[in-house]
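In what follows, a single structure is set out as structure tokens and then discussed.
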Amino acid sequence: MPRRFHDAEELLPPATALKRALAIIYDGLISIAVLLVATWAYTIVAGWITGWERYEQMAEAGQISGDPGLTFTLFLVLYLFFAYFWTRIGQTLGMQVWRVRIENLDGTSVSWTQALKRYITAASVLFLTLLASYYVGAVTLLVSIPAIIALFYPINGLSVTDRLSGSVVVAVPRETANKKHGVDKTPKTG
């Protein structure tokens, strides 16, 4: 059941491009930590299943440098990380810091399917950028940086990921954030 963040009649303003970018940078740093932990766990499990001596030999021979199992695991872990936060509270940790939230137009949380659409859209552009830069080189930046900016930059309040997932990224007012944490900032009289 979707969580309601505010009344359907209340429209929050779209998040600015700067707040979106800052939240993306913040979440990118957190994602690196999540991927490091997931890689460590995958390596422990793969070494245990394969046998440590055999796994070490494979690593020295370069046989596990392009492990598709690790790639899929990291892709899945990152999706689960983002989708969990988006579907539960509408905000990842970086989004909480910069007070932006992903929600539906009626003020409810997004579904796992909407989260998957957002994630696949962003991952596709980033993957194609990395692939092109690997095969073509640095000249790819002339095309890929504008593509990444276009992916997340809001035009009329909606970015490409917003449009494809049927959701919006809104700026969360301070009052809402204070009420959420049980903080009452109203002056006391008497």
Side-chain angles (χ1 to χ4, degrees), residues 2-3 5 14-47 59 64-104 109-136 138 140-141 143-154 158-172 177 180-181:
R3 178 178 176 187
F5 299 120
T16 63
L18 178 63
K19 280 190 169 188
R20 287 175 184 242
L22 291 171
I24 288 169
I25 291 168
Y26 197 107
D27 285 332
L29 295 173
I30 295 170
S31 296
I32 291 169
V34 168
L35 293 175
L36 286 171
V37 170
T39 302
W40 172 79
Y42 180 88
T43 303
I44 296 295
V45 171
I64 58 173
S65 62
D67 186 1
L70 176 61
T71 303
F72 175 76
T73 301
L74 295 179
F75 188 79
L76 182 64
V77 164
L78 214 50
Y79 164 68
L80 293 174
F81 171 77
F82 282 107
Y84 174 79
F85 283 105
W86 290 341
T87 59
R88 301 271 299 174
I89 59 174
Q91 299 172 298
T92 57
L93 300 172
M95 295 171 82
Q96 290 175 26
V97 169
W98 294 103
R99 292 188 349 265
V100 296
R101 179 176 54 227
I102 294 173
E103 60 184 42
N104 289 315
S109 61
V110 296
S111 67
W112 282 85
T113 305
Q114 287 174 295
L116 181 63
K117 288 177 184 177
R118 290 187 75 85
Y119 183 73
I120 293 292
T121 303
S124 298
V125 170
L126 294 175
F127 173 74
L128 291 174
T129 299
L130 291 173
L131 190 66
S133 66
Y134 179 77
Y135 285 108
V136 178
T140 308
L141 295 176
V143 175
S144 60
I145 288 180
I148 291 171
I149 290 170
L151 178 68
F152 297 110
Y153 188 80
L158 297 173
S159 67
V160 172
T161 54
D162 296 338
R163 293 174 199 279
L164 291 177
S165 67
S167 59
V168 293
V169 178
V170 297
V172 179
K180 181 175 124 180
H181 297 294

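Counting from 1, the numbers follow the sequence of the chain as shown.
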Can you classify the ring geometry of W86 versus F82 as parallel (below 30°), tilted (30 to 60°) or perpendicular (above 60°)? tilted
Can you list the steps and then say if L93 with V97 is a side chain to side chain contact (heavy atoms under 4.5 Å, CB included)? CA-CA 7 Å; L93 300 172; V97 169; 6.0 Å; no
Rounded to the nearest 0.5 Å, what separates atom OG1 in T39 from atom CG in L70? 5.0 Å
Looking at side-chain heavy atoms only, is the closest gap between K117 and L164 below 4.5 Å? no
Mind checking the OG1-CD spacing from T92 to Q96? Nearest 0.5 Å is all I need. 7.0 Å
Quick check: closest heavy atoms across A115 and T87, and the distance to 0.1 Å? CB-CG2, 4.4 Å
Mind listing the closest non-hydrogen atom pair of T121 and T161 along with its distance? CG2-CG2, 3.9 Å
Note: Q91 and V100 closest approach over all heavy atoms is NE2-O, 3.0 Å
Can you label the angle between the W112 ring and the Y79 ring as parallel, tilted or perpendicular, going by 30° and 60°? perpendicular
Of all heavy-atom pairs between N104 and G166, which one has the smallest distance, and what is that distance? OD1-O, 3.5 Å
Rounded distance (nearest 0.5 Å) linking atom CG of L80 with atom OH of Y119: 8.5 Å
Where is the tightest heavy-atom contact between R101 and V172, given as atom of each residue plus distance? CB-CG2, 3.7 Å
Could you tell me the separation between the CD1 atom of I30 and the CZ atom of F85, rounded to the nearest 0.5 Å? 8.0 Å
Measuring from D27:CG to W98:CH2, what's the distance to the nearest 0.5 Å? 12.0 Å
Only one of E103, R118, Q114 forms a side-chain hydrogen bond (donor to acceptor under 3.5 Å, both in side chains) with S167, so which one is it? R118
Closest non-hydrogen contact found for G69 with D67 is N-OD1, 3.0 Å
For the OH atom of Y84 and the CD1 atom of I89, what is their distance to the nearest 0.5 Å? 8.0 Å
Could you go through R88 and R3, starting from their C-alpha distance and side-chain angles, then the distance that decides it, and tell me whether this counts as side chain to side chain contact (heavy atoms under 4.5 Å, CB included)? CA-CA 7 Å; R88 301 271 299 174; R3 178 178 176 187; 6.0 Å; no
